[in-house]
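The block underneath contains the structure these notes are about, expressed in structure tokens.
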Amino acid sequence: MTMNLFDVYPINNISIVKAKGSYVWDDKDVKYLDMYGGHAVISIGHTDPHWVKRIEDQLNQIAFYSNSIKIPLQQQLAEKLGKVSGKEDYQLFLCNSGAEANENALKLASFYNGRKKVIAFSKAFHGRTSLTVAATDNPNIVAPVNQTENVIFLPFNDEAALEECFKNNAKEISAVIIEGIQGVGGINVATTSFLKKIRTFCNENNSVFIADEVQCGYGRSGKFFFADHAGVNADIYTMAKGMGNGFPVGGIIIAPHIKPKHFMLGTTFGGNHLACAAALAVLEVIESENLIQNAQRVGEHLMHELRSIPELQNVRGKGLMIGFDVPEELKDLKKNLLFTHRIFTGEAKPNVIRLLPSLALTIEEADQFLKSIKLEIRNIISSSKLVSQE
Ligand SMILES: Cc1ncc(COP(=O)(O)O)c(C=O)c1O
């Protein structure tokens, strides 16, 4: 009898054993272009040499000690994050994942204003822990123990519904949590005007604006936070995926008016030495290689070219967070990109292909993807014509 894995994901029968930049290799040494970034996690590119060295050096010093002592790397990370994000007056709390970041943000908001109600939006995904999954618009993953009446779902980008909800629940709303670009929900982009309205209603009602930047943040949209495109400051930003380039680290940054109290939040592993070294390396490379500008430039190129492919519908997104709808006759496109052209892409149900590559993706790599997708669309269309002639 051997122990088996608890089977929670449908997976591709591929084992990735090596990676570099925007490429990964399987155990048969087949090379793949990674337009999926291991689910938006790879920010500065796989096995970036500076990142590897920083982690190696840190590992040889100390990997972990508890948060009961001073860890100067945490302060260095806070300073660097403040500088790169432009939110220097915010405070950093470190944890280990996106769900944890959102759970802490929602909890902190509730401590701050003493309220219980949270506004979340249709198609939102905020994680799988108790309150984050309750604020996720997918009943299939909400266990009975997670069900709560404290979360109010409103239609995404619907300003009238938001206004009405604040009017009806005036002093009960603890927080509004929103992904500036919904990831799992299929790359839906919040409008500037909607984000501004959230800011206004939160100001008027002493509610907390939580920007879930776990997927769309950390430079992916071509600005450090997506909310920066709207010129709006959130009260709490949550971060994870791109923060460690694959090293598990998450965090929230908190506006100065929200004050800490001892023991209101806490963690064993959050902010450990190794995670801080990885996160510092990521910010150093983002800065020295101008990766945020790169994400904007390469993203614009990709989006422009994708829009010229008539078979792809509703190309949308910002920077290197791009989605498009695939019509029924091209339903094998994602699978064929992977198994014929050796290109990883992401998906969102029912028919969206999502692109979430490293922020260091080059124009040449983007063009390799564009060439392959055009070729594959032609292949699928011509083989379906052949079948219909038979
Ligand atoms: C927007 C968003 N928030 C939160 C999460 C949860 O992050 P994690 O899986 O690290 O808990 C995800 C994960 O996909 C996400 O996309």
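Order of appearance sets the numbers: ligands from 1, and atoms from 1 within every ligand.
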Return yes if some donor-acceptor pair links the side-chain N/O of W25 with the main-chain N/O of K20 below 3.5 Å, else return no.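 The answer is no, because no donor-acceptor pair under 3.5 Å joins these two groups.
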Contact between Q182 and ligand 1, counting heavy atoms under 4.0 Å?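 No; Q182 lies far enough from ligand 1 that no heavy-atom distance drops under 4.0 Å.
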Less than 4.0 Å is my threshold; does some heavy atom of R128 fall inside it relative to ligand 1?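 The answer is no, since R128 has no heavy atom less than 4.0 Å from ligand 1.
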Count I, L, V, M, F, W, Y as connected when their side-chain heavy atoms are under 4.5 Å apart, and connections chain through other members. Are Y32 and L361 then in the same cluster?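 Y32 and L361: separate clusters.
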Using distance alone, with no hydrogens and no angle criterion, decide if S174 and N113 have a side-chain donor and acceptor under 3.5 Å apart.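 A pair is found: one side chain offers a donor N or O, the other an acceptor, under 3.5 Å apart.
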Under 3.5 Å, is there a donor-acceptor pair linking the side chains of T129 and E100?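 The criterion, which ignores hydrogens and geometry beyond distance, is not satisfied for E100 and T129.
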Would E100 count as being in polar contact with ligand 1, using the rule that some N or O on each side must be under 3.5 angstrom apart?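 Looking only at distances, the answer is no, because the N/O contact criterion of under 3.5 Å is not met.
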Backbone or side chain, does any N or O of G98 fall under 3.5 Å from an N or O of ligand 1?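 G98 vs ligand 1: N/O contact under 3.5 Å present.
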Heavy-atom contacts with [X] under 4.0 Å: which atoms of ligand 1 show up? List them by number with element.
X	result
E179	1 (C)
Q215	16 (O)
N102	3 (N), 4 (C)
D212	1 (C), 2 (C), 3 (N), 4 (C)
S97	10 (O), 11 (O)

Are R316 and D325 close enough for a salt bridge, meaning some N to O gap below 4.0 Å?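 A salt bridge is present here (some side-chain N lies under 4.0 Å from a carboxylate O).
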Check ion pair D48-K53 (N to O, under 4.0 angstrom):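 Judged by the 4.0 Å cut-off on N to carboxylate O distance, D48 and K53 do not form a salt bridge.
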Would you please classify the geometry between the Y90 ring and the Y237 ring as parallel, tilted or perpendicular, with 30° and 60° separating the classes?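 Plane angle between 30° and 60°, so tilted.
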Can you label the angle between the H229 ring and the F226 ring as parallel, tilted or perpendicular, going by 30° and 60°?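 The arrangement is tilted - the two ring planes meet at 30° to 60°.
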Any idea which protein heavy atom is nearest atom 9 (O) of ligand 1, and the distance to it?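 Atom 9 (O) of ligand 1 sits closest to the protein heavy atom K241 NZ, 4.6 Å.
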Nearest to atom 6 (C) of ligand 1 by heavy atom, A99, C216, A101, G183: which?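 Heavy atom nearest to atom 6 (C) of ligand 1 belongs to A99.
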